[in-house]
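Here the structure comes first, spelled out in structure tokens, and everything after it is commentary.
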Amino acid sequence: MPQDTQSSLQPLFEAALKVQAYAHAPYSTFKVGAAIKADDGNLYVGCNVENVSYPLGQCAEASAIGAMISQGAKRIEQVMIVSPNSKPCPPCGGCRQKLREFASPQTPVHLATRDGKVETLTLGELLPKAFDM
Ligand SMILES: [Zn+2]
């Protein structure tokens, strides 16, 4: 059930909302912002970065993961993804697997709209039977 942004999620929501504005999405015009709360207590953000050669584009979640790893954090504790409209934007299949590399099936994934409605699922709900070796 969607709910208003809880106060504990407000910093994560605001970080994802802020970085959404920087998305490079001239082809889809679908700007997405993502924020990760990592095991070091810091927030890492990312936006989608499209390319004229469409398959080369990168999702917001992947950008945020890159920022987190680049700063030395190791694990994802929570993820917030802000959609560009009034409908939540779940991560694409590829990003679900990318998130799973650094998060557990119990990790909360918050799907927010720009007006602050949040739906929370676990990564395990989004990606049951994740690939693993
Ligand atoms: Zn993706």
Side-chain angles (χ1 to χ4, degrees):
M1 286 291 289
Q3 53 189 267
D4 289 321
T5 307
Q6 300 162 10
S7 58
S8 64
L9 295 179
Q10 195 66 28
L12 203 58
F13 173 73
E14 287 177 5
L17 189 64
K18 181 179 178 187
V19 74
Q20 182 183 45
Y22 303 134
H24 176 71
Y27 310 106
S28 73
T29 70
F30 195 82
K31 293 186 168 192
V32 179
I36 289 171
K37 181 168 187 214
D39 57 346
D40 64 357
N42 292 322
L43 301 185
Y44 298 96
V45 298
C47 55
N48 50 327
V49 184
E50 294 182 350
N51 190 280
V52 66
S53 178
Y54 292 178
L56 298 179
Q58 176 165 298
C59 297
E61 299 89 330
S63 296
I65 289 169
M68 179 189 85
I69 294 301
S70 298
Q71 294 297 310
K74 302 292 186 202
R75 298 294 295 172
I76 296 169
E77 293 188 345
Q78 296 186 58
V79 186
M80 174 76 69
I81 302 163
V82 176
S83 80
N85 53 39
S86 59
K87 191 175 140 195
C89 172
C92 76
C95 283
R96 294 176 196 203
Q97 185 70 42
K98 288 177 184 178
L99 289 166
R100 183 64 184 85
E101 184 76 13
F102 305 103
S104 77
Q106 292 75 40
T107 301
V109 180
H110 310 290
L111 309 175
T113 58
R114 286 186 55 80
D115 61 0
K117 298 281 189 248
V118 178
E119 179 180 358
T120 300
L121 296 156
T122 65
L123 186 54
E125 289 172 319
L126 287 166
L127 184 67
K129 299 185 187 238
F131 176 78
D132 198 5
M133 293 195 291

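Atoms considered below: every heavy atom in the structure, side chains included; atoms not considered: hydrogens, waters and symmetry mates. We count ligands from 1, going down the list as the structure has it; atoms in each ligand are counted the same way.
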Sequence-distant partners of D40, side chain to side chain contact (heavy atoms under 4.5 Å, CB included), two or more places apart: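 Per chain and number, D40 pairs via side chain to side chain contact (heavy atoms under 4.5 Å, CB included) with A38, N42, Y44, A73.
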S53: side chain to side chain contact (heavy atoms under 4.5 Å, CB included) partners, not counting sequence neighbours: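 Once residues adjacent in sequence are excluded, the partners of S53 under the side chain to side chain contact (heavy atoms under 4.5 Å, CB included) criterion are N51, P55, L56.
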Below 2.8 Å of the Zn ion (ligand 1), tally up the protein N/O/S atoms for me.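 Step by step: take the Zn ion (ligand 1), keep protein N, O, S below 2.8 Å, and you get 3.
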Flag side-chain contact, heavy atom, 4.5 Å: I76 against I65: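 In short, these two side chains touch, coming nearer than 4.5 Å.
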Heavy-atom side-chain contact between T113 and P88 under 4.5 Å: yes
Clusters formed by hydrophobic residues whose side-chain heavy atoms approach within less than 4.5 Å: which one holds Y27, and what are its other members? V52, Y54
Nearest 0.5 Å, please: how far is CD in Q10 from CE in M80?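 Result: 8.0 Å between the selected atoms.
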